[in-house]
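Let me begin by presenting the structure, written as structure tokens, before commenting on it.
Everything numeric in this text was worked out from a predicted model, so none of it was measured. Numbering of ligands and ligand atoms starts at 1, following listing order. Heavy-atom basis, side chains included; hydrogens, waters and symmetry copies ignored.
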Amino acid sequence: MTDVTIPEGGFWPAPEVPQPNIYPMEWRVETAKLAAIYEKSKRMVWNPADLPWDLLDPAAFTREQRLGIMYWFSVLANFDASGPAVFARATIQAFEKHEEDPVRKCFFSITRDEMNHEECCQRSISRLWPGGPLGWEPSTDLEHAAHNNIGWLYHNGGRYWTGYNAAVGKYSLAVLFTSFMMGEMAASTLFRGMAGATGHPLFSEMFHKIGRDESRHLQICMTILENEWPGLTDDVRSLITRQLRAGFVFLSMILWEPPEGFWELPPYFLHNHRVLMDHARDAGLGVLSYDEQAENWRIAMARVRVIVERWGIEFPAIPELDIEGVAVDVIDPEDIIPVF
Ligand SMILES: [Fe+2]
Ligand SMILES: [Fe+2]
């Protein structure tokens, strides 16, 4: 029984697997640098449950401050908590399109990290405002304003998700990853700024750890883009210019304040948002001032600009921050594909 069976006329070839499909399996490595980043990501994993949560004492804050912190994390969750689902989908797509193995693994590691970032939102909120973001009954005007604003934020988060789902299969890695790169640039900038500004040891440690993850995500995006950008056509270049403007419009909600062009918000939203952000700032969360946020965002954009212009991609005009460039007017939800 040690001999195998060889049919007369030879083996029958298995049918080809229709593509896109995750099969046949293979583990091709083309970019050693990505494989190295993935190895590093496994060694740097941290556990949000091990942060010093006992230092976060609800009694150390006023009710308004606790509401403000909950509100900020609810805004953050609009971005960071979409990360696991966004990257899980991108991971599946990378398998189906047979991207090289380290690309798939890096997407997976970002999914893993974003799950931790989401957990930080979850734990911070449940400790300070049980039932938050939305499963609680507001009693004061301020609380009603917070609850209502969060509802509107998540309405827009839902539009982003619908658009992302329609977009993710349509765009090449170059387009997707320029948007992702902008999101990671925004995220690393945000957490670096807040890690330095917060007076609270728990938030300081949390923001440092998240910021370190976001810098690694940025490195992953850059490494993928170095492979993808050399083959760009002019069509794709102008699509990327649009996407960069879309990224600015979308991400400004957490980095700064929401500009016109995508966000569907009631007219009172922004004023109430500012009042709530003031309470979060007052609580020592590390929320930068309006001007500091604008300056940080401007610096982050300048970095993105230098990177994309090297590849002949024009930067969009950002008049909100006095940045000159190509005018991009209408933003479709399907243009909004960046992720933290
Ligand atoms: Fe990220
Ligand atoms: Fe994140």
Problem set entry | Ring centres under 6.0 angstrom apart (F180, F87) | yes
For this session: Give the atom name of whichever N/O/S atom in H117 sits closest to the Fe ion (ligand 2).
Result: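 This residue's closest N, O or S atom turns out to be ND1.
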For this session: Give the name of the N/O/S atom in D80 that lies closest to the Fe ion (ligand 2).
Result: OD1
For this session: Find, among atoms of E114 that are N, O or S, the one nearest to the Fe ion (ligand 1), and state its name.
Result: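 Of all N, O or S atoms in E114, the Fe ion (ligand 1) lies closest to OE2.
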Exercise. When you measure from the Fe ion (ligand 1) to each N, O or S atom of H217, which atom gives the shortest distance?
Worked result: ND1
For this session: Scan residues 127-157 for pairs that pass ring-ring contact (aromatic ring centres under 6.0 Å, His included), counting only residues two or more places apart or in two chains.
Result: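 As it turns out, the ring-ring contact (aromatic ring centres under 6.0 Å, His included) pairs with a partner in residues 127-157, which skip direct neighbours, are W129-W136, W136-H147, W152-H155.
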Exercise. What ring-ring contact (aromatic ring centres under 6.0 Å, His included) pairs are there with at least one residue in residues 6-42, not counting sequence neighbours?
Worked result: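 Checked against ring-ring contact (aromatic ring centres under 6.0 Å, His included) - neighbours excluded - no pair reaches residues 6-42.
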Problem set entry | D213 near the Fe ion (ligand 2) via N/O/S, less than 2.8 Å | no
Problem set entry | Opening angle between OE1 in E184 and OE1 in E214, taken at the Fe ion (ligand 1), to 10 degrees | 80°
For this session: Fit a plane to each ring of F207 and W72, take the angle between them on a 0 to 90° scale, and name the class: parallel (under 30°), tilted (30 to 60°) or perpendicular (over 60°).
Result: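 Judged by the thresholds at 30° and 60°, the geometry between F207 and W72 is perpendicular.
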Exercise. So, the side chain of T198 versus the backbone of A195: is there a donor-acceptor pair under 3.5 Å, distance only?
Worked result: no
